[in-house]
Q: 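Take a look at this one; I'll ask things after.
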Amino acid sequence: MKRIGVFVCWCGSNIAGTVDVEKVAEHFRTYPGVVHAESYQYLCSEPGQKIILNRIKEHGLKGVVIAACSPTMHESTFRNTVQQIGFNPFQLEIANIREQVSWVTEDKDSATSKAITSISQIVEKLKGNEALDPIQVPVTKKALVIGGGIAGIEAALNIAKAGYKVYLVEKEATIGGHMAQLSETFPTLDCSQCILTPKMVEVARHPNVELYTLSKVTKIEGFIGNFKVTVHKEPDYVKRADCTACGDCAEVCPVEVPSEFNQTLKYRKAIYIPSPQAVPTIYHIDPETCLGINPIKCNKCAEACERKAIDFDQQPEDILIEVGAIVVATGYDLYDKELMAEYGYGRYQDVIDGLQFERILSASGPTEGKVLRPSDGTVPKRVVFVQCCGSRDPEHHKAYCSKICCMYTAKHALLYKHKVHDGKATVFYMDIRANGKRYEEFVQNAIEHEHISYLRGRVSKIYQENDHLVVMGADTLSGKRVEIEADLVVLAMAMVPGKGTMELAKLLKVGYDENGFLNEAHPKLRPVESLTGGVFIAGAVQAPKDIPETVAQASGAASKVLEMFGQDYLWKEPTIVDVDGSLCSMCGNCVLVCPYGARSLNKEKHIVEVNAVLCESCGACAAACPTGAAQQRNLTDKQIVDMIEVALEIK
Amino acid sequence: MKVNFYPGCTLKTKASNLERTAKASMAILGIELEEMAEWTCCGANFSLANDNIMKMAAPIRNLARAEKVGTELVTICSACYNVLKRANYAVKNDSEKLEKLNLFLEDGKIQDNDDQYHGKVNVLHLLELIKEKIGFDNLKKYIKKPLNGLKVAPYYGCQLIRPQKELEIEDQEAPEILHNLIDALGGDAVDYSMDTECCGSYVEVNRPKEVWLASYRILRQARAAGAKIMITSCPLCLYNLDKHQFDIEKEHSDFKPVPILYFTQLLGLALGLPEEELELNGTKVDPRPVLKESGLL
Ligand SMILES: Cc1cc2nc3c(=O)[nH]c(=O)nc-3n(C[C@H](O)[C@H](O)[C@H](O)COP(=O)(O)OP(=O)(O)OC[C@H]3O[C@@H](n4cnc5c(N)ncnc54)[C@H](O)[C@@H]3O)c2cc1C
């Protein structure tokens with residue numbers, strides 16, 4: 001029989017507080033097959049790991065059970081440790097007696113006996129384990145970055161500069177994302193364009209970067225290190241090499257529609273460039289609003305273009321690329337203002353959102369940086385800023401805090417005061433969350449030196465009265481209802497995941513939370529990885545965040561990609577599901593249920609073939625197999641039955 | 001078609017014209033509002049104390065009796081609607097509450113044949129009935145006297161629409177159902193920002209001046225938006241909004257009173273009910289001059 005060692009971790013008092021660890025160890029000292037058992041405070045610590053190695057040598061152990069926290073936490077830690085002395089890592093198993101026992105059981109006796117049962121099961125399983133070797137997977141050392149905001153730009157640049165090819169896919173006509181729309185950025189008030197534009201240019205010019213704008217990812221096949229991705233690119237209808245962005249075409253275009261880049265505060269033509277700093281710096285035609293992409297209907301732009309750059313015949317393209325890693329950086333949108341009808345957005349022109357105010361403040365914006373309100377173009381002398389619109393309101397809207405609005409509202413009020421010295425700025429807030437380097441100081445400065453009045457309370461309604469708005473709310477510090485007249489109201493809307501994030505997540509098989517933000521693999525220890533191997537996340541698509549945090553996360557994601565690219569092969573868990581040819585009846589059930597396309601019927605050879613690299617060890621085929629031919633390595637039917645029997649005490 | 005109808009106390013007293021005009025109008029539309037047998041007080045107010053289950057005995061008793069007749073119960077008074085529907089929501093979503101209430105009902109049986117409630121009744125406001133069973137587009141076919149673009153301010157108040165999660169009749173911040181009715185009748189529903197603002201409610205009892213201010217704000221906004229007349233479904237709102245208008249006028253020379261009607265009166269008018277049946281004499285601010293001016297009387 002296999003010589004097995006059982007090690008019971010106290011995890012400080014996490015386990016030992018509820019489980020009688022010494023009694024558990026004692027129990028296993030006489031358990032069939034177990035030749036050694038002991039308990040220790042922290043098995044994951046350096047001395048703890050040494051103990052395990054020593055005992056393997058002393059007792060000639062052939063199998064090790066670690067009774068501790070969940071295997072997602074430390075299975076790889078312990079397996080790597082034992083490998084150092086040539087012990088096969090697949091002869092080590094974890095019994096989870098923390099998350100599944102001590103944390104969820106109050107009574108010490110029942111926790112102790114439950115721990116014993118859990119460990120017995122794992123011991124029984126281990127008896128059937130084989131020594132396995134990991135599967136080798138080659139790595140395609142090219143990356144795909146989806147989303148060209150500051151997160152995507154930063155990640156793409158990091159990877160490209162390390163010498164690897166990057167495909168950067170952006171759905172809009174320009175990269176830059178929301179940061180390109182901002183005026184000046186907290187907490188240092190540097191101009192957003194000034195710090196972003198050089199990066200936009202750099203990433204687009206970098207020889208290792210291939211940029212696809214007006215493009216979306218439509219299909220993803222393959223697996224970590226070996227993805228096959230289809231990128232669907234809409235045409236520009238303008239020959240990139242020939243366009244000099246002179247703008248003659250837009251001048252003659254007869255179509256005017258609200259400009260998305262300027263948050264509808266200005267018009268653009270059907271042939272346009274989102275902003276003068278757009279990258280790539282070319283005009284393109286929006287087929288939705290153009291009179292018809294048809295020179296017979298309207299040919300004005302083509303006639304005006306001296307360089308004959310307009311090309312109505314361009315067609316959409318599907319481009320197939322192969323990459324080893326994917327970074328998702330598709331950012332955020334603002335919560336739909338129309339869902340808060342009490343604030344009158346859409347009804348009153350002078351109720352706007354934060355991004356619109358950014359455009360008003362921006363030197364390249366619709367008012368060239370002058371603070372003028374949309375309805376009549378006058379300078380608003382009284383501006384009310386409303387924080388937490390849609391955030392922190394689990395009853396009606398979003399339960400979470402959007403994290404950055406306290407900061408940008410303080411910035412807005414401050415920039416407003418810089419431009420309209422005799423103006424009055426009032427902020428409605430719930431409490432101020434300014435937790436970042438120099439953030440609290442920034443807000444305090446705005447309050448104290450710029451004389452911005454902060455009222456603690458929520459706004460219940462906004463309505464128009466003659467030529468101004470009235471903001472009804474509560475001042476919870478004085479306990480009074482207040483009504484404040486305003487010439488302009490700026491709503492700090494909640495940040496939500498960008499439109500289409502959910503579809504993309506499904507395509508990538510990446511999880512998302514109840515609000516649609518992408519899930520990280522571990523909230524603390526793996527914040528830039530997704531649970532799907534080879535897919536990383538960066539920026540506001542993971543949760544609301546500001547630029548510094550976005551850039552930090554993007555660099556983190558890039559370094560994870562580079563960690564992968566530093567290896568020629570990846571190692572994959574070998575616990576795949578094989579086929580026993582002598583039992584297989586060629587029914588094809590396993591092929592049908594496999595979600596990864598890892599199995600196929602070879603009728604000539606009369607066998608089911610398994611692609612070990614594609615197999616994700618989910619076990620669906622093993623469950624579907626009627627004859628028992630499909631067996632998961634180290635989790636065979638026999639092992640499962642043994643575990644059940646010991647749990648039910650019938651063994 | 002007959003529907004089971006819960007009138008409530010106010011429709012039998014102060015707001016009897018609301019009941020009569022509703023019944024007469026619905027008859028034209030082919031729907032008979034059949035008063036449910038043996039109804040009692042709706043409870044008048046929905047208790048906001050989560051554990052005050054006793055307060056729900058009255059509405060649930062009514063629903064239990066309605067359940068014997070069918071699965072629909074129509075009501076008109078905003079307050080009755082609010083209490084019945086919220087109590088219904090509370091027990092439909094909390095079986096423990098329902099069980100407790102049934103024990104109360106069992107203990108305090110008023111009639112021998114009083115039964116348990118099983119949560120099967122759907123409470124409908126008359127406006128919902130019109131919207132769902134007849135349809136606002138279809139309603140146009142019955143109009144004898146279109147309102148000629150008369151500018152009407154819809155006033156929702158609170159009990160008809162709040163809380164949205166429980167009543168589910170409308171977006172509580174941007175309701176449309178009265179707007180749609182007015183437009184269907186050939187009127188012009190004016191948009192103004194106070195259509196869901198509080199009328200002052202029971203504060204009228206001890207601080208009438210507050211109700212003044214509330215009325216003033218609502219009516220002034222409606223006027224500014226061009227309204228000639230206002231409609232509502234709530235007897236309390238109608239009372240509060242109507243009552244102080246001449247006092248307001250004295251204090252604010254720029255203010256012009258706005259006559260207020262129940263929506264059923266306006267509906268009846270458009271459906272061609274004779275003037276006597278519209279009972280237009282119930283309010284301090286007489287609506288008749290405006291209606292005459294617009295050629296509707
Ligand atoms: C009003 C306001 C003011 C702000 N002010 C500041 C400030 O002063 N300082 C600060 O630090 N932060 C500020 N921020 C926060 C800042 O905007 C974000 O931190 C930052 O933009 C996040 O970058 P991102 O790349 O993650 O997302 P985004 O900027 O949203 O970029 C995402 C990109 O992905 C693209 N994309 C989306 N979906 C797809 C898809 N399916 N396929 C391909 N491409 C796709 C989008 O078009 C976009 O280009 C402010 C935010 C707001 C709302």
Side-chain angles (χ1 to χ4, degrees), chain A residues 335-353 374-376 384 386 388-399 428 457-474 479-489 491 493-494 514, chain B residues 48 50 86 89-90 93 153-158 160-180 189-201 203 207 209-227 252 254-255:
Chain A
Y335 187 58
D336 191 353
K337 296 168 285 281
E338 265 135 50
L339 295 176
M340 304 193 79
E342 64 272 34
Y343 292 168
Y345 183 90
R347 200 183 316 180
Y348 313 125
Q349 271 183 297
D350 294 324
V351 177
I352 60 173
D353 69 24
S375 65
D376 56 7
V384 172
V386 186
C388 302
C389 295
S391 302
R392 303 179 67 190
D393 186 354
E395 273 278 305
H396 304 104
H397 304 289
K398 300 291 175 190
F428 276 95
R458 284 204 132 159
V459 168
S460 59
K461 188 183 188 92
I462 296 168
Y463 66 92
Q464 181 101 32
E465 178 97 52
N466 306 321
D467 64 345
H468 62 268
L469 298 158
V470 180
V471 181
M472 293 166 72
K480 290 212 175 84
R481 278 183 2 105
V482 289
E483 290 192 14
I484 295 183
E485 296 189 347
D487 303 310
L488 182 70
V489 175
L491 307 177
M493 300 306 301
E514 70 275 30
Chain B
L48 295 180
N50 195 35
R86 293 186 75 180
Y89 178 91
N93 291 287
Y155 178 73
Y156 295 89
C158 59
L160 177 64
I161 50 172
R162 285 172 201 272
Q164 181 177 343
K165 197 171 119 205
E166 296 173 33
L167 302 188
E168 282 185 324
I169 174 170
E170 283 282 56
D171 179 339
Q172 64 184 15
E173 303 296 350
E176 286 176 350
I177 198 161
L178 281 172
H179 287 76
N180 296 339
V190 303
D191 259 329
Y192 67 114
S193 47
M194 292 293 154
D195 55 353
T196 63
E197 212 46 40
C198 179
C199 73
S201 169
V203 173
R207 287 162 74 189
K209 185 74 194 200
E210 291 294 328
V211 175
W212 260 65
L213 293 174
S215 307
Y216 177 47
R217 177 152 69 187
I218 294 163
L219 296 164
R220 195 182 42 161
Q221 287 280 341
R223 263 277 179 234
H252 301 276
D254 59 332
F255 179 75

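For clarity, every value in this text was computed on a predicted model and none was experimentally measured. Each chain gets a letter, A, B and so on, in the order the sequences are listed, and its residues count up from 1.
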Q: Step through the shown structure and confirm whether more than 12 heavy atoms of other residues, nucleotides or ligands are within 6.0 Å of NZ on B:Lys209.
A: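 Counting neighbours around NZ of B:Lys209, more than 12 heavy atoms of other residues, nucleotides or ligands fall under 6.0 Å, so yes.
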Q: Might you work through the side chain to side chain contact (heavy atoms under 4.5 Å, CB included) test for B:Glu197 and A:Lys461, ending with a clear yes or no?
A: CA-CA 9 Å; B:Glu197 212 46 40; A:Lys461 188 183 188 92; 2.9 Å; yes
Q: Rounded to the nearest 0.5 Å, what separates atom CD in A:Glu342 from atom CG in B:Asp171?
A: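 Between atom CD of A:Glu342 and atom CG of B:Asp171 there are 8.0 Å.
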Q: Just give me the residue among B:Pro163, B:Ala174, B:Ser193 that pairs up with chain A most often, heavy atom to heavy atom, under 4.5 Å.
A: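 Among the listed options, the one with the most contacts to chain A is B:Ser193.
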Q: Check the pair A:His396, B:Gln172 against side chain to side chain contact (heavy atoms under 4.5 Å, CB included), reporting the backbone distance first and the verdict last.
A: CA-CA 11 Å; A:His396 304 104; B:Gln172 64 184 15; 4.0 Å; yes
Q: Pick one of side chain, backbone, both or neither for A:Met472, based on which atoms fall under 4.5 Å of a heavy atom in chain B.
A: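 Just the side chain, heavy atoms under 4.5 Å.
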Q: Work out which heavy atom in B:Tyr192 is nearest to a heavy atom in A:Arg347; give both atom names and the distance.
A: O-NH1, 3.5 Å
Q: Go through the atoms of A:Tyr348 and report whether side chain, backbone, both or neither lie under 4.5 Å from a heavy atom of chain B.
A: side chain
Q: For A:Glu483, is it the side chain, the backbone, both or neither that has a heavy atom under 4.5 Å from a heavy atom of chain B?
A: side chain
Q: Side-chain donor-acceptor pair under 3.5 Å between B:Gln221 and A:Glu465, yes or no?
A: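 There is such a pair (donor and acceptor under 3.5 Å, judged by atom type) between the side chains of B:Gln221 and A:Glu465.
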